[in-house]
Amino acid sequence: MTFDPSQLPSLLNPEQLEAATHVGSPLLVLAGAGSGKTRVITYRIANLIKAHDVAPWRILAVTFTNKAAGEMKERLEKLLGPEGADVWVSTFHSTGARILRREGEVIGLSKSFVIYDEADSLAEMKRVMKAMGVDSRQIEPRRILHRIDDAKNHGRTPDDCAKFPAYDEAGRLFPELYRRYQKALAAADAVDFGDLLHRMVELFEKAPDVLEKYRHRFRHVLVDEFQDTNGVQFRLLKMLAGDGRGLCVVGDDDQAIYRWRGADVTNLLQFEQEFPGTRIVKLERNYRSTQLILDAAHSVISRNRHRMEKKLWTEREGGDPLELLVARDERHEAQLVADKVRISIRDGVDPNEIAVFYRTNAQSRVIEEAFRLGRIPYHVVRGRSFYDRAEVKDLASFMRLSINPRSDQDALRVINKPARGIGDTTVARIEEAARSWGLSVVEACARADEIPGLNSRAQGKVRAFAQLIGELIQVALAEGAGAVAEAALKKSGMEEAFLADGSDEAIDRLDNVRELVGAAKEWDESWEWEPDPADPGAEPPLPVAAFLEQIALLGEGDERVQGARVSLMTLHAAKGLEFEEVFLTGMEEQVFPHSRALGEQGGAEEIAEERRLCYVGFTRAKRRLVLSLATSRALYGDLRFNPPSRFLGDVPKELFAGVGAAGDRVRHQARVAGGTYVEYDEDAAGPEIDLGDDDGFEDGVTIDYSFDQRPQVRQRHPVRPAVFRRRPGEVVEKAATLPTLGMGGPGAYPIGTPVRHPSFGVGMVEGADGDKLSIRFPGVGVKRVVARFVQPV
DNA sequence: TGAGCGTCAATTAGC
DNA sequence: TTGACGCTCA
């Protein structure tokens with residue numbers, strides 16, 4: 001139970017030991033996949049406390065996800081007992097929330113500010129745009145929010161942004177939108193996720209004494225997944241860590257897969273320059289996978305440039321060869337995977353130790369279907385689906401109003417939920433009144449009789465809403481989170497409305513909100529306010545407030561565990577996990593690497609990131625790695641024939657089982673009905689594609705996949721592709737061949753074909769895309785119509 | 001208010 | 001193909 005530092009040499013390998021015990025200079029731990037980094041971090045913390053007499057509350061350990069933070073806390077408490085609970089282990093964002101909650105008054109935040117999630121922010125931005133008269137169809141609110149987030153990640157205020165030249169309408173409006181958005185947040189006493197970091201910088205800059213307090217307090221700062229840090233996060237770290245003597249960062253540049261989210265690997269790559277005197281420790285010994293899997297992973301990742309050289313090794317030599325499943329199409333692929341999984345389970349593999357990965361969420365559908373059909377228990381690992389449900393958010397909004405009635409966002413969300421006769425017009429009048437009086441929506445509602453334009457019936461309903469919130473406030477002041485949740489559910493009429501509806505869907509929703517009530521009650525039982533040793537005078541927050549903070553920042557969290565099931569997830573979601581058997585599906589160009597990374601806007605860095613993603617996927621596997629691809633795939637409504645992923649080609653074929661392995665030359669041959677042949681050349685980066693003729697079929701497409709000239713798969717695709725594409729969006733062939741769809745009968749519509757359309761008359765085919773034809777009709781112009789609506793003339 | 005329909009677009013997703 | 005969104009009509 002109690003940790004003894006003298007045991008460390010027997011618990012850790014030499015590199016881990018150094019990482020865990022080195023003190024006196026900044027420390028960068030390059031921790032390869034499966035090298036035991038969490039172990040190192042926890043032992044390091046334990047060692048600081050036990051061997052160096054550092055008070056637990058002087059240590060700050062930052063992670064990216066609540067899950068990681070939770071696991072670390074748990075381990076620490078196991079190692080150190082109650083003392084472990086005094087270490088600040090939290091995400092960047094919770095750290096921000098915690099400090100802002102305490103000190104935010106300096107920058108105009110009350111102690112009860114709310115945290116907006118994306119949906120809240122989006123709604124707020126839409127309102128800002130509307131108020132400014134900006135057409136939200138012309139300028140996407142999402143895009144603006146993204147830019148705001150980006151600005152915050154770089155520490156830029158609206159004024160800073162105004163200094164940059166604007167290239168378009170959106171750019172011209174941006175600073176003002178940003179400014180007004182921030183103003184709206186401030187008025188609502190709210191912050192968004194970006195603010196939790198950005199405003200902390202603001203706080204530290206405005207109040208050096210506050211910064212000094214925390215800098216002095218946190219003698220040791222540890223950061224996990226350091227490759228995922230962005231600009232502000234690094235800035236905050238630098239502020240807190242000073243010269244960096246107490247700073248220890250742990251990360252792996254090969255697992256940097258969040259550049260698109262603002263993460264900047266250069267934080268890691270240039271850490272040494274930033275903090276001279278940095279000690280670098282590499283953890284290359286892997287405790288997870290077989291050597292064979294590591295070799296495969298290395299063959300993929302080693303093609304990236306600009307990486308910190310490292311190579312994983314393990315004592316688990318050899319291992320089972322990789323497997324490659326080549327399927328006709330995505331359904332077949334799912335089928336093959338399901339079959340293999342079923343066999344594994346039958347042979348005794350724990351379903352919880354099996355995972356299926358894919359690049360995009362859309363791919364999960366067919367896999368789920370195959371699993372359902374095959375009666376294989378599975379679950380799809382997603383983000384925070386529970387708390388994102390509309391009904392759950394509604395109830396949470398009521399709860400937020402109970403501690404912060406100024407949050408217009410929440411007020412507007414639930415003012416008519418369930419429907420209580422406060423329509424759009426009434427809401428608009430309330431908003432207008434609130435604006436002119438400088439009051440919040442709830443405050444304005446309380447003065448319903450003074451709002452211009454409301455008839456007495458509307459006044460009554462509006463006043464009742466204000467009263468409802470007033471009652472919830474009373475409950476919040478006197479009782480726990482559970483009581484508030486329950487009161488909100490009952491008094492708002494939500495429960496009644498769901499029951500009155502009675503449909504399966506309504507009952508389902510009711511179950512969800514009841515679950516939130518249950519979660520709040522459970523929270524009340526287990527939560528207790530622990531004063532911070534460094535700040536004993538702080539007064540405890542209301543239990544509801546603490547609960548809401550928790551769920552605002554929480555992901556799926558403690559997902560209710562329900563028995564043995566196979567996990568389905570995206571590659572991104574797979575980071576940090578491990579499984580005995582891993583199935584990596586969709587190993588095709590355009591799918592993985594994703595077309596977005598290959599297209600015009602995709603550069604070398606995008607491909608490199610896809611490659612890292614592949615590396616992450618491979619290194620999740622402990623014992624067995626199965627890769628699969630589909631030679632044809634229905635995507636965005638039409639059929640694509642994607643060559644095998646270049647990542648397959650990177651893996652030496654000796655690592656694969658059976659004849660014909662990846663890395664061989666792959667040749668496709670296809671013939672399209674209607675006499676249209678498509679030439680398809682690919683550069684050497686991907687396998688060689690050759691779509692020729694000579695399949696002997698009248699229509700349909702035949703594709704040969706051969707590996708080293710030995711035919712592996714030869715099959716006829718019964719569906720004829722409308723168009724072949726070389727790159728997304730680019731029509732390669734001039735003629736379009738259409739599937740047999742009703743009226744037109746089999747046949748092609750080459751360019752120049754005259755056709756008749758029931759409403760536009762006779763026109764000439766100019767092109768095709770999917771099952772749509774572009775046809776020029778005299779006097780009408782070019783129309784895109786569904787092929788089955790036209791007939792050849 | 002909500003169902004129904006046309007249009008448009010189409011990774012990844014942490015807090 | 002699917003899904004989200006905004007608009008119209010009952």
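Predicted, not measured: the structure shown is a model, and the values here were computed from it.
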**Asked** How would you list, by chain and number, every residue that makes a ring-ring contact (aromatic ring centres under 6.0 Å, His included) with A:Phe234, sequence neighbours excluded?
**Response** A:Phe226
**Item:** Gap between atoms CG and P, on A:Asn153 and B:dA13 respectively (whole Å)
**Value:** 18 Å
**Asked** Within less than 4.0 Å of OP1 or OP2 of B:dC15, is there a side-chain N or O belonging to A:Asn66?
**Response** yes
**Request:** Would you kindly give the CG-to-C1' distance between A:Asn230 and B:dC15, to the nearest whole Å?
**Result:** 11 Å
**Item:** Spacing of A:Leu122 atom CG relative to C:dC5 atom P, expressed in whole Å
**Value:** 8 Å
**Request:** Can you tell me the distance, in whole Å, between the CD1 atom of A:Ile115 and the C1' atom of B:dG14?
**Result:** 14 Å
**Asked** When rounded to the nearest Å, what value does the distance between P atoms of C:dC5 and B:dT12 take?
**Response** 15 Å
**Request:** Looking at every strand, decide which applies to A:Arg142 at a 4.0 Å heavy-atom threshold: base, sugar-phosphate, or nothing.
**Result:** sugar-phosphate
**Asked** Which value, in whole Å, describes the distance between the P atoms of nucleotides C:dA4 and B:dA13?
**Response** 15 Å
**Asked** Rounded to whole angstrom units, what separation is found between the CZ atom of A:Arg640 and the P atom of C:dT1?
**Response** 14 Å
**Fill in**
To the nearest angstrom, the CG-C1' distance between A:Asp150 and B:dA13 comes to 16 Å
**Request:** Please identify each residue that fulfils salt bridge (Lys or Arg N to Asp or Glu O under 4.0 Å) with A:Glu74, with sequence neighbours left out.
**Result:** none
**Message:** Suppose we screen for side chain to side chain donor-acceptor pair (under 3.5 Å). Which residues come up paired with A:Arg199, at least two apart in sequence or across chains?
**Reply:** A:Glu202
**Message:** What's A:Asn416 touching, base or sugar-phosphate or nothing? Going by heavy atoms closer than 4.0 Å.
**Reply:** sugar-phosphate
**Message:** Taking ring-ring contact (aromatic ring centres under 6.0 Å, His included) as the definition, give me every residue that meets it alongside A:Tyr116, ordered by chain and number, with sequence neighbours left out.
**Reply:** none
**Message:** Could you tell me how far apart A:Arg331 (CZ) and C:dT1 (C1') are, to the nearest whole angstrom?
**Reply:** 12 Å
**Request:** May I have the distance from A:His93 (atom NE2) to B:dA13 (atom C1'), rounded to whole angstrom?
**Result:** 12 Å
**Charged N-O contact under 4.0 Å between A:Glu369 and A:Arg372** = no
**Item:** Sequence-distant partners of A:His146, side chain to side chain contact (heavy atoms under 4.5 Å, CB included), two or more places apart
**Value:** none
**Request:** Mark yes or no: A:Arg101 above the aromatic ring of A:Phe113, with NZ or CZ under 6.0 Å from the six-membered ring centre and no more than 45 degrees from the axis.
**Result:** yes
**Footprint string (nucleotides 7-12 of chain B, 5' to 3'): B base within contact, S backbone only, - free, heavy atoms under 4.0 Å** = ---BBB
